[in-house]
Amino acid sequence: MMNNLRKSIAAALLLVAGSGVANAQSQGIITTIAGSGTAGFSGDGGAAISAQFSSPQGVTVDAAGNVFVADAYNQRIRKIDAVTGIISTYAGGGLATSYGIAPTTASLDLPTSLYIGSSGTMLITDHYYDMTFYIDNVSGNIYSRCGCHSQGCDGDGGPSFAARMELPASSCEDTHMNTYIADQGCGKVRKVDAATGLASTLATVSGPGAVFFDPSSYADLYVTELYNHKIIKINVVTGAVTDVVGTGASGYSGDGADALSATIGYPVSLFIDHNHNLYFSDQTYNVVRYVDLTTGKIYTLAGTGVAGFSGDGNVAPFAQLNSPREIWVNDAGYIYIADAGNNRIRMVKPKGLKPLGATADVNTLTVYPNPSTGIFTLSTDAALENSDVIVLDMMGRQVYNAALSGFSNVIDLHTQAHGVYTLIVKTASGVHSQKLTIQ
């Protein structure tokens, strides 16, 4: 029995090493930061962890740490406050299809991709409206960046707001604020010139699914080719095209080896961080993979290859994803994944990274007694070390905020009214929440 156990452990270690999990990026712990897992629309004004999404497909993070989600079938962009963890509707939900209006009065149809560049302006790509919108970071209003609510593949040489696209999938900006769009139905990468506002076609691509610029280069635009099962690089100055990932055959192979020899399925999203790592979601195989562009090696970041939901609190390659979509990596290295099929937003904290605003790495928290008279003990599996603890009432209003320390803290809320409250702890492993009852 003991010998068999040793063999099992050894086999598991070989699996980890062979799949690239030994790489620091792949040893990150995955958690859910938003979404109850049940499809629907609810939760605005409350804790994001309890909210309902309907196929969240896009995710981005602003400079303040606020997380934005393209809640596709709820036809909204939703915002998760960096400090409180409270979710709200940021754009969509309205009826207007005009421009220069407040985002929450605007109509969205199927927003699938979000992007926030260095200017702070947000791009929203709407797959069914055949448009890329932008929310101006000064006025706060929403406008057309490209598209006119009409499907087609024309308009090059004219103003971008009059151009037509067909099922655009994503968009991004370069360092000069020019916009590039994966015009999936037209099989093109479209460009909107920042200076002139004119639309043009940069390249013809077989099923462009995502576009993203290398932040270390002013000229290298990376594009996913869905139908060729590849990721390519286009030099926007010379037009030169280079294969980066994939052999052209559909499959899931190659971890730890050269990315050009790997097989991939449908790479539906892209992100490139400041450490020269390229991330993509493979919707076919329910994984998020990444390529170290310095070495050219490919690894699996998250997902087992089998659709499902599992693994929170474990290393991300042993967790299950379900139709993962967009990815965003913040400047601290935290990786956000729109886990569309699970109706959740999940986060991977790579091994060795310092936490965001807190030094604890808590995975579980307990409230005792619960229900209580308002005086209770909060216990955690790791010392909080000045982590923020917030309590919200049933209306989502903050009634308590303090920086606590140690494994056990007594909190006194006996002056609060009877009812159900939400306790939120922001730690290195994510935003944790716990319901508590005061009676």
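What you see is a predicted model, and the numbers here were worked out from it, not measured in a lab.
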Has the side chain of [X] got a donor or acceptor atom that lies under 3.5 Å from a matching backbone atom of [Y]?
{"X": "Asp126", "Y": "Leu110", "value": "yes"}
{"X": "Asp292", "Y": "Gly296", "value": "no"}
{"X": "Asp44", "Y": "Thr89", "value": "yes"}
{"X": "Asp174", "Y": "Asn178", "value": "yes"}
{"X": "Asp156", "Y": "Thr201", "value": "yes"}
{"X": "Thr224", "Y": "Pro267", "value": "yes"}
{"X": "Asp193", "Y": "Gly197", "value": "no"}
{"X": "Glu326", "Y": "Val59", "value": "yes"}
{"X": "Ser281", "Y": "Gln283", "value": "no"}
{"X": "Thr263", "Y": "Ser253", "value": "yes"}

Quick check on Tyr218: does its OH atom have over 12 non-hydrogen neighbours (other residues, nucleotides or ligands) under 6.0 Å away?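 No, the 6.0 Å shell around OH holds no more than 12 heavy atoms from other groups.
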Phe41 six-ring face occupied by Arg76 cation (under 6.0 Å, within 45°):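 Judged by the rule, Arg76 and Phe41 form a cation-pi pair.
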Evaluate Thr31 against Asp312 for side-chain hydrogen bond (donor to acceptor under 3.5 Å, both in side chains), listing each step before the verdict. CA-CA 5 Å; Thr31 57; Asp312 274 3; over 6 Å; no
Does a salt bridge link [X] with [Y], judged by any charged N lying under 4.0 Å from a carboxylate O?
{"X": "Arg164", "Y": "Asp154", "answer": "yes"}
{"X": "Lys233", "Y": "Asp214", "answer": "no"}
{"X": "Glu173", "Y": "Arg145", "answer": "yes"}
{"X": "Arg78", "Y": "Asp71", "answer": "yes"}
{"X": "Lys230", "Y": "Asp243", "answer": "yes"}

Is the shortest side-chain heavy-atom distance between [X] and [Y] below 4.5 Å?
{"X": "Ile345", "Y": "Ile337", "value": "no"}
{"X": "Lys79", "Y": "Ile87", "value": "no"}
{"X": "Asn275", "Y": "Val329", "value": "no"}
{"X": "Val244", "Y": "Leu293", "value": "yes"}
{"X": "Tyr222", "Y": "Leu278", "value": "yes"}
{"X": "Asn342", "Y": "Gln320", "value": "no"}
{"X": "Thr242", "Y": "Ile232", "value": "no"}
{"X": "Ser170", "Y": "Gln184", "value": "no"}

Ignoring hydrogens and geometry beyond distance, is a side-chain donor-acceptor pair present between Ser261 and Asp258 at under 3.5 Å?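 No, no side-chain donor-acceptor pair sits under 3.5 Å.
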Residues Ser107 and Tyr129: side-chain donor-acceptor under 3.5 angstrom: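 Yes - a donor-acceptor pair under 3.5 Å links their side chains.
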On a heavy-atom basis, which atom in [X] and which in [Y] lie closest, and how many Å separate them?
{"X": "Ala199", "Y": "Ser160", "value": "CB-CA, 4.0 Å"}
{"X": "Pro168", "Y": "Ile181", "value": "CB-CG2, 3.9 Å"}
{"X": "Asp282", "Y": "Gly251", "value": "OD2-O, 4.3 Å"}
{"X": "Ile142", "Y": "Ala106", "value": "CG2-CB, 3.9 Å"}
{"X": "Ile124", "Y": "Ala91", "value": "CD1-CB, 4.4 Å"}
{"X": "Ala162", "Y": "Cys148", "value": "O-SG, 3.8 Å"}

[atom1]/[X] to [atom2]/[Y] distance, rounded to the nearest 0.5 angstrom?
{"X": "Ile80", "Y": "Asn66", "atom1": "CD1", "atom2": "CG", "value": "9.5 Å"}
{"X": "Phe53", "Y": "Ser42", "atom1": "CZ", "atom2": "OG", "value": "9.5 Å"}
{"X": "Asn314", "Y": "Ile29", "atom1": "CG", "atom2": "CD1", "value": "6.0 Å"}
{"X": "Ile335", "Y": "Asp273", "atom1": "CD1", "atom2": "CG", "value": "8.0 Å"}
{"X": "Asn343", "Y": "Thr32", "atom1": "CG", "atom2": "OG1", "value": "11.0 Å"}
{"X": "Thr304", "Y": "Leu321", "atom1": "OG1", "atom2": "CG", "value": "7.5 Å"}

Of all residues at least two apart in sequence or in a different chain, which pass the side-chain contact (heavy atoms from CB on, under 4.5 Å) check with His274?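 For His274 the side-chain contact (heavy atoms from CB on, under 4.5 Å) partners, ignoring immediate neighbours, are Pro215, Asp331.
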Centroid-centroid under 6.0 Å between Tyr285 and Tyr266 rings: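 Ring-ring flag for Tyr285/Tyr266: false, centres at least 6.0 Å apart.
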Run the ring-centre check on Phe133 versus Tyr143 and record whether the distance is less than 6.0 Å.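 Between Tyr143 and Phe133, which both carry aromatic rings, the centre distance is not below 6.0 Å.
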When Val189 is tested against each of Asp183, Val236, Leu202, Thr204 for side chain to side chain contact (heavy atoms under 4.5 Å, CB included), which residue passes?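 Only one of Asp183, Val236, Leu202, Thr204 forms a side chain to side chain contact (heavy atoms under 4.5 Å, CB included) with Val189, namely Leu202.
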Show, in sequence, the C-alpha distance, side-chain angles and deciding distance for Tyr279 and Arg289, and conclude whether the side chain to side chain contact (heavy atoms under 4.5 Å, CB included) test is met. CA-CA 6 Å; Tyr279 304 82; Arg289 303 177 78 180; over 6 Å; no
Apply ring-ring contact (aromatic ring centres under 6.0 Å, His included) to residues Phe213 and Tyr180 and explain how you reach the verdict. CA-CA 9 Å; Phe213 258 91; Tyr180 296 82; 5.2 Å; yes
CA sep, side-chain torsions, deciding dist, call: Leu260, Thr247, side chain to side chain contact (heavy atoms under 4.5 Å, CB included): CA-CA 6 Å; Leu260 285 170; Thr247 64; over 6 Å; no
Taking Asp339 as the fixed residue, which of Arg344, Arg346, Arg325 is the one that meets the salt bridge (charged side-chain N to carboxylate O under 4.0 Å, His left out) rule?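 The salt bridge (charged side-chain N to carboxylate O under 4.0 Å, His left out) with Asp339 is passed solely by Arg346 among Arg344, Arg346, Arg325.
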With side chain to side chain contact (heavy atoms under 4.5 Å, CB included) as the criterion, how do Val245 and Ile298 come out once you've worked through the C-alpha distance, each side chain's angles and the decisive distance to 0.1 Å? CA-CA 8 Å; Val245 183; Ile298 189 170; 4.1 Å; yes
The test is side chain to side chain contact (heavy atoms under 4.5 Å, CB included); show your working for Tyr336 and Val61 and say whether it passes. CA-CA 9 Å; Tyr336 298 81; Val61 183; 3.8 Å; yes
For the residue pair Phe271 and Trp328, categorise the inter-ring angle as parallel (less than 30°), tilted (30 to 60°) or perpendicular (more than 60°).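 Aromatic pair Phe271/Trp328 classed perpendicular.
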